[in-house]
*Asks:* 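After the structure tokens below, expect a handful of questions from me.
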2 protein chains.
Amino acid sequence: MTETRPYHHGDLRRTLLGAAAEAITENGPAALSLRDLARRAGVSHAAPAHHFGDKAGLLTALAAQGFGYLADELDRTRAAGGGVLEAGVAYVRFAVAHRAHFAVMFQPELLNRADPELLAAQDRSSSALRDAVATVDRSELRGADARIAGLSAWSIVHGFATLWLSGALPPDLGDNPEDAARQVIRPLFARG
Amino acid sequence: MTETRPYHHGDLRRTLLGAAAEAITENGPAALSLRDLARRAGVSHAAPAHHFGDKAGLLTALAAQGFGYLADELDRTRAAGGGVLEAGVAYVRFAVAHRAHFAVMFQPELLNRADPELLAAQDRSSSALRDAVATVDRSELRGADARIAGLSAWSIVHGFATLWLSGALPPDLGDNPEDAARQVIRPLFARG
DNA sequence: ACTGCTAACTTGACAGTGACAAGATTGGAG
DNA sequence: CTCCAATCTTGTCACTGTCAAGTTAGCAGT
């Protein structure tokens, strides 16, 4: 990652990414405006283009950052001795804590899919995901092919996170996403 | 719909919804342009506003249509005697067949959440979903609270559909979403 | 110190867009 | 036949993303 010290502005790149995350958290990715970000950062309207090329470039950088954060979160959970269930909860925790990043990470039409930085970050989080699933006791996932089991786990946590963030889940689940996730995910792993 | 060419264009509303679905399927919701839709339909740039108010109105109508289609699909599967697993597969089939609708249905920031037509359609598909889950044999979902079990099922199919559509799943899953879904969903229901 | 050099930013312009207001056209009810 | 309300058009505005060209700042080498 190219670190810049305060030239004219300071580090505009990081500032813009932060402002973008904030704006997306508030109004979603569709409403994001580069000019608005520039305004928030106190620079001219064309400044963002210099760092990210275009809008897709900015969102790609955000997505890459998101995959990095996700990998961090999963690694941290694993280091703490958590199993698959806790990795799943960590996935949801990440999605809720960084909803702007999450909202962009799985919308390829918004991104430069071939961006090397993005691909690297995706790779890192894929590995972290794979490692998390590898810790599963075979009996927990009832004899299924490990590869399929991993996809089942990924699907259920990804689905829960998406539905939670979209507000589609019933309100009687409470307002703690991690607890709710734990309940909903458990049936995949609990023994019969 | 027979081939008509009315000067006042007959059913613009339906035509625009169709064009919108097509455009979103191609380029995603973010790239959608009302003026482009108007061009495709051969009307003036301001015509869509009359039927939908604004962009959010159009997307809301699309989402409502999508919830209707989803309810239809689930009802059809249930009428054919399918269980929860097949309902799940039907959910995925719907998402893939109507990816434009699906892409919009769970992005509240693009919609008028309070639109009565939308709420009614959501209600209908919620009921269909609930009915589908209600057919589950208690032993299939291993003693979990039925309410939680339903959310688990919803999460796993929704997550699978989302990941499939975003192209995030590994390519060795094949190119048949229904077969792949069946494999990935099964671990939730299979007996220990 | 001064000379270039390059990255970081600005200024200015252009085509497209969503939204609104006001006018035109139509089918149909009375 | 008249009139009206729904449908659609025209014109306009502020705003957006992107590009081209210019400006400023840090820095290395002499």
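By convention in this document, chain letters (A, B, ...) are assigned in the order of the sequence lines, proteins followed by strands, and residues within each chain are numbered from 1.
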*Asks:* What one-letter contact string describes nucleotides 9-17 of chain D from 5' to 3', where B marks a base within less than 4.0 Å of any protein heavy atom, S marks contact via sugar-phosphate atoms alone, and - marks no contact?
*Replies:* BBBB---SB
*Asks:* Expressed in angstrom and rounded to an integer, what is the separation of B/Phe52 atom CZ from C/dA19 atom P?
*Replies:*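 Checked: the CZ to P distance equals 13 Å.
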*Asks:* With sequence neighbours excluded, give me every side chain to side chain donor-acceptor pair (under 3.5 Å) pair touching residues 93-114 of chain A.
*Replies:*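 Listed by first then second residue: A/Gln65-A/His101, A/Glu73-A/Arg93, A/Arg93-A/Glu178.
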*Asks:* Report the distance from atom NE2 of B/His51 to atom C1' of D/dC8, rounded to the nearest whole Å.
*Replies:*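 My rounded result for the distance is 8 Å.
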*Asks:* Once side chain to side chain donor-acceptor pair (under 3.5 Å) is applied, do any residues pair with A/Arg39, and if so which ones, sequence neighbours excluded?
*Replies:*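 Testing A/Arg39 for side chain to side chain donor-acceptor pair (under 3.5 Å), a comparison that skips the adjacent residues, returns none.
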*Asks:* Could I get the full list of side chain to side chain contact (heavy atoms under 4.5 Å, CB included) partners for B/Asp123, not counting sequence neighbours?
*Replies:*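 If we apply the side chain to side chain contact (heavy atoms under 4.5 Å, CB included) test to B/Asp123, skipping adjacent residues, there are no hits.
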*Asks:* Write out all pairs satisfying salt bridge (charged side-chain N to carboxylate O under 4.0 Å, His left out) with one or both partners inside residues 41-55 of chain A, taking only residues at least two apart or from two chains.
*Replies:*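 Qualifying pairs, neighbours excluded: none.
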*Asks:* Can you pull out every side chain to side chain donor-acceptor pair (under 3.5 Å) where at least one residue sits in residues 158-176 of chain A? Sequence neighbours excluded, please.
*Replies:*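 Pairs touching residues 158-176 of chain A that pass the test: A/Tyr91-A/His158, A/Asp172-B/Arg147, A/Asn176-A/Asp179.
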*Asks:* In Å, rounded to the nearest 0.5 Å, how long is the span from CG of B/Leu111 to CG of B/Leu58?
*Replies:*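 The distance works out to 11.0 Å.
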*Asks:* Separation of B/Leu16 atom CG from D/dC8 atom C1', in whole Å?
*Replies:*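 B/Leu16 atom CG is separated from D/dC8 atom C1' by 12 Å.
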*Asks:* What is the separation between atom CG on A/Asp11 and atom P on D/dA25, rounded to the nearest whole Å?
*Replies:*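 Computing the A/Asp11:CG to D/dA25:P distance gives 19 Å.
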